[in-house]
Amino acid sequence: FEGLTSPVNSATGRLINKAATDAATMVEVALLNKANAVINLSSGENADGSAESITGNTATLKYGARYHATGGASTAGQVSTYVNYSVVYR
């Protein structure tokens with residue numbers, strides 16, 4: 001994962017809400033690995049890549065995401081974020 005080019009809160013390792021209009025407040029997005037463990041995009045904790053089989057020129061990389069309240073009462077609204085990552089083929 002390329003935290004330097006993604007909107008990452010360096011203190012929490014979670015993705016920052018980048019919604020341009022009607023944005024939810026006091027919320028970040030936690031990225032999850034295929035074991036549903038939170039990936040810290042700042043420290044790399046739980047971000048170890050996993051070897052996936054390629055069958056018929058296809059491989060499936062399983063990740064998830066969930067909202068995380070950052071303290072206090074979150075407000076309703078839009079949430080938009082992204083993460084950059086690289087795939088290494090060996």
Side-chain angles (χ1 to χ4, degrees):
F1 293 97
E2 300 169 16
L4 295 177
T5 60
S6 303
V8 175
N9 178 332
S10 61
T12 66
R14 293 184 293 266
L15 295 166
I16 297 168
N17 183 8
K18 301 299 285 181
T21 58
D22 193 31
T25 62
M26 302 191 76
V27 65
E28 293 176 342
V29 176
L31 191 63
L32 309 173
N33 65 19
K34 70 179 185 179
N36 287 322
V38 174
I39 298 170
N40 184 317
L41 295 169
S42 291
S43 71
E45 180 182 0
N46 292 322
D48 292 341
S50 60
E52 300 297 338
S53 298
I54 299 173
T55 305
N57 294 323
T58 302
T60 301
L61 306 176
K62 297 179 182 179
Y63 294 98
R66 67 176 174 214
Y67 296 114
H68 183 92
T70 58
S74 299
T75 61
Q78 300 293 316
V79 176
S80 177
T81 194
Y82 61 92
V83 65
N84 293 310
Y85 65 96
S86 297
V87 175
V88 176
Y89 175 77
R90 295 184 186 168

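Between N17 and Q78, the closest heavy-atom pair is ND2-O, 3.1 Å. Taking both residues in full, the closest heavy atoms of S74 and A69 are given as OG-CB, 3.6 Å, listed atom of the first, atom of the second, then distance. Heavy atoms only, all atoms of each residue included: A73 and M26 are closest at O-SD, 3.8 Å.
Each of V27, T70, N9 was scored for a side-chain contact (heavy atoms from CB on, under 4.5 Å) with I16, with one residue passing: N9.
Separation of atoms NZ (K62) and CG (N36) is listed at 11.0 Å; rounding is to 0.5 Å. Here CG of D22 is found 8.5 Å from OG1 of T75. Values are rounded to the nearest 0.5 Å.
Taking 4.5 Å as the limit, some side-chain heavy atom of L32 sits within range of a side-chain heavy atom of V38.
In this structure, I39 is a member of the same hydrophobic cluster as V83, with clusters built from ILVMFWY side-chain heavy atoms closer than 4.5 Å. The cluster map of Ile, Leu, Val, Met, Phe, Trp and Tyr, joined by side-chain heavy atoms under 4.5 Å apart, puts Y67 and L31 in the same cluster.
Between the side chains of S10 and S42, not a single donor N or O lies within less than 3.5 Å of an accepting N or O.
Taking Ile, Leu, Val, Met, Phe, Trp and Tyr as members and joining any whose side-chain heavy atoms lie under 4.5 Å apart, directly or through other members, Y82 forms no hydrophobic cluster with any other residue.
Judged purely by atom type and a 3.5 angstrom limit, T81 has no side-chain atom pairing as donor or acceptor with the backbone of K18.
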